[in-house]
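A short worksheet on the structure shown next.
Position 1 is the first residue of the sequence; numbering continues from there. Only this structure's heavy atoms are used, side chains among them; waters, hydrogens and symmetry mates stay out.
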Amino acid sequence: MQLGLIGLGKMGGNMRERIRRAGHTVIGYDRNPEVSDVKSLAELVEKLDAPRQVWVMVPAGTATQTVIDELGDLLSPGDTVIDGGNSRWTDDEKHAAALGIKGIGFVDAGVSGGVWGLENGYALMVGGDKENVDRLQPIFDALKPEGPYGYVHAGRVGAGHFSKMVHNGIEYAMMQAYAEGWELLEKVHSVENVREVFRSWQEGTVIRSWLLDLAVNALDEDEHLEKLRGYAEDSGEGRWTVEAAIDNAVPLPAITASLFARFASRQDDSPQMKMVAALRNQFGGHAVEKKD
C-alpha cells in the first residue's frame, strides 16, 4: 500500500520506518530537506497513485490547518487525509467538513508510543467513517503493536483525538502520582535508596506500569534528578480534557489537580516536576530544562 507522510520528526520519522518495514511504500515530506523524500507537498501528491492516502504528522493548530488547507487544493475526490497529530477533536469536525465538500475523506488518529514506537508499535485510536477507516487498515496494522490490542476504531470523526486527549489526561494524573510518591520517599531520612524502592515495584505490585519502568530509567541516569529543573510543560491536551469535563459535567479531580501542579512548576523549582519532566523526556523525547 502507498502512503504519503507529512512531518518526519521524532514520531513521524519512526512511523515512516515502521510502515516500510511492514512492506508498504511511504513517501515522506518534511521541511527539513535532509530527511524528506520529496521537495514539496505538490511533489508528494504527484508521486502517489490514486486513490491517495496522506497522513499528516505535524504540530496541532496552525501548522496542521495550513497543511490540510494545501492538501485540500492538491488532492482529488476519493483521496483520504489522516491527521495523526494531537489536534483538538473539534478541529477534526471542521477539517472533515471542508474536505468532504471536495469529495476527500478524513480520518483522525490519536497516536501514542513516543520515541519507543518504532520497535514497540503505536497505540492507535481512530475516528471516521467506516469506509475510510477500512481502506487504511493495512497502515494501522503496520503501526500497531503485535497482538490483539493497541488499535481501536473509536467512533465517528473526532473520536480518535478525543480518546487520545483523555488518554493524555490519565497520563498526567499517573505521572503526578509517581512524582508525589518519589518526592515523599526522597524527603524522609529512613528511606536510603529511593531508586531501588521504585525498582522493587516493577514486579508483583499493583502499581507496576511502563511509566514506572521509565521512572526507573530516569533515576538510573540521574539518581536524585539533580540535573533537572522542576519544570514541566503541558501539551494542551490536559487543558482540553478538563474543559471537556466541565462541558459534560464529569468530575475529574485527579486529572485537574495534575494539570494545576504543572502550572505550579513554573513558579518555583518543584521536586515533583523533576520526575514529571524526566518521565516526559523518557517516553516522548520532550525537552527538559537543565540546571545551570
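Between Tyr178 and Ser209, the side chains place a donor N or O and an acceptor N or O closer than 3.5 Å (distance only, hydrogens not considered). Between the side chains of Ser87 and Asp91, no donor-acceptor pair of N or O atoms lies under 3.5 Å. A donor-acceptor contact closer than 3.5 angstrom links the side chains of Asp69 and Gln65.
Through ILVMFWY side-chain contacts below 4.5 Å, Ile101 is grouped with nothing and stands alone.
The side-chain heavy atoms of Leu225 and Glu186, taken from C-beta on, include no pair separated by under 4.5 Å. In this structure, the side chains of Met1 and Gln137 stay at 4.5 Å or more apart for every pair of heavy atoms. Within the 4.5 Å cutoff, the side chain of Trp55 has heavy atoms near those of the Leu143 side chain. Between Trp182 and Leu219, some side-chain heavy-atom pair lies under the 4.5 Å cut-off. Considering only heavy atoms from C-beta on, Asp141 comes within 4.5 Å of Lys144 through its side chain. In this structure, the side chains of Tyr29 and Lys47 stay at 4.5 Å or more apart for every pair of heavy atoms. When side chains are defined from C-beta on, Asn14 does not count as touching Trp116, because their heavy atoms never get closer than 4.5 Å. For the pair Arg199/Asp220, a side-chain contact is recorded, criterion being any heavy-atom separation below 4.5 Å from C-beta on.
Remark: of the listed residues Asp30, Ile27, Leu71, Ile68, Leu71 is the sole one forming a side-chain contact (heavy atoms from CB on, under 4.5 Å) with Ile6. Applying side-chain contact (heavy atoms from CB on, under 4.5 Å) to Arg280 and the options Glu233, Met273, Glu171, Met275 leaves one that passes, Glu233.
Here the side chain of Glu70 pairs no donor or acceptor atom with the backbone of Leu41 at under 3.5 angstrom. A donor-acceptor pair is defined here as one N or O able to donate and one able to accept, closer than 3.5 Å; no such pair exists between the side chain of Asn168 and the backbone of Glu237. With hydrogens and angles ignored, the 3.5 Å screen pairs a side-chain donor or acceptor of His161 with a backbone N or O of Asp83. Side-chain atoms of Thr80 do not come within 3.5 Å of backbone N or O of Phe106 as any donor-acceptor pair.
Annotation: Lys227, atom NZ; neighbour count of heavy atoms from other residues, nucleotides and ligands within 6.0 Å does not exceed 12. Other residues, nucleotides and ligands place more than 12 heavy atoms under 6.0 Å from the CZ atom of Arg195.
Using a cut-off of 4.0 Å between Lys/Arg side-chain N and Asp/Glu carboxylate O, Arg20 and Asp37 are scored as salt-bridged. One finds no salt bridge joining Lys187 and Glu183 here, because no Lys/Arg side-chain nitrogen approaches an Asp/Glu carboxylate oxygen to under 4.0 Å. A salt bridge is defined here as a Lys NZ or Arg NE, NH1 or NH2 lying under 4.0 Å from an Asp or Glu carboxylate O, and Glu243 with Arg88 meets this definition.
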Problem set entry | salt bridge (charged side-chain N to carboxylate O under 4.0 Å, His left out) between Lys164 and Asp108, intermediate numbers included | CA-CA 10 Å; Lys164 177 57 163 47; Asp108 58 290; over 6 Å; no

Exercise. Taking it one step at a time, do Leu3 and His24 satisfy side chain to side chain contact (heavy atoms under 4.5 Å, CB included)?
Worked result: CA-CA 8 Å; Leu3 180 74; His24 302 291; over 6 Å; no

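Across every non-hydrogen atom of Ala277 and Ala232, the tightest pair is N-CB, 4.3 Å. For the residue pair Gly4 and Leu44, the shortest heavy atom distance occurs at CA-CD2, 4.0 Å. Taking all atoms of both residues into account, the shortest heavy-atom contact from Lys130 to His153 is CA-CE1, 3.9 Å.
Residues satisfying the side chain to side chain donor-acceptor pair (under 3.5 Å) test with Glu17, not counting sequence neighbours, are Arg21.
To the nearest 0.5 Å, the span separating CE on Met57 from CG on Leu5 amounts to 8.0 Å. Interatomic distance, Thr90 OG1 to His95 NE2, rounded to the nearest 0.5 Å: 9.0 Å.
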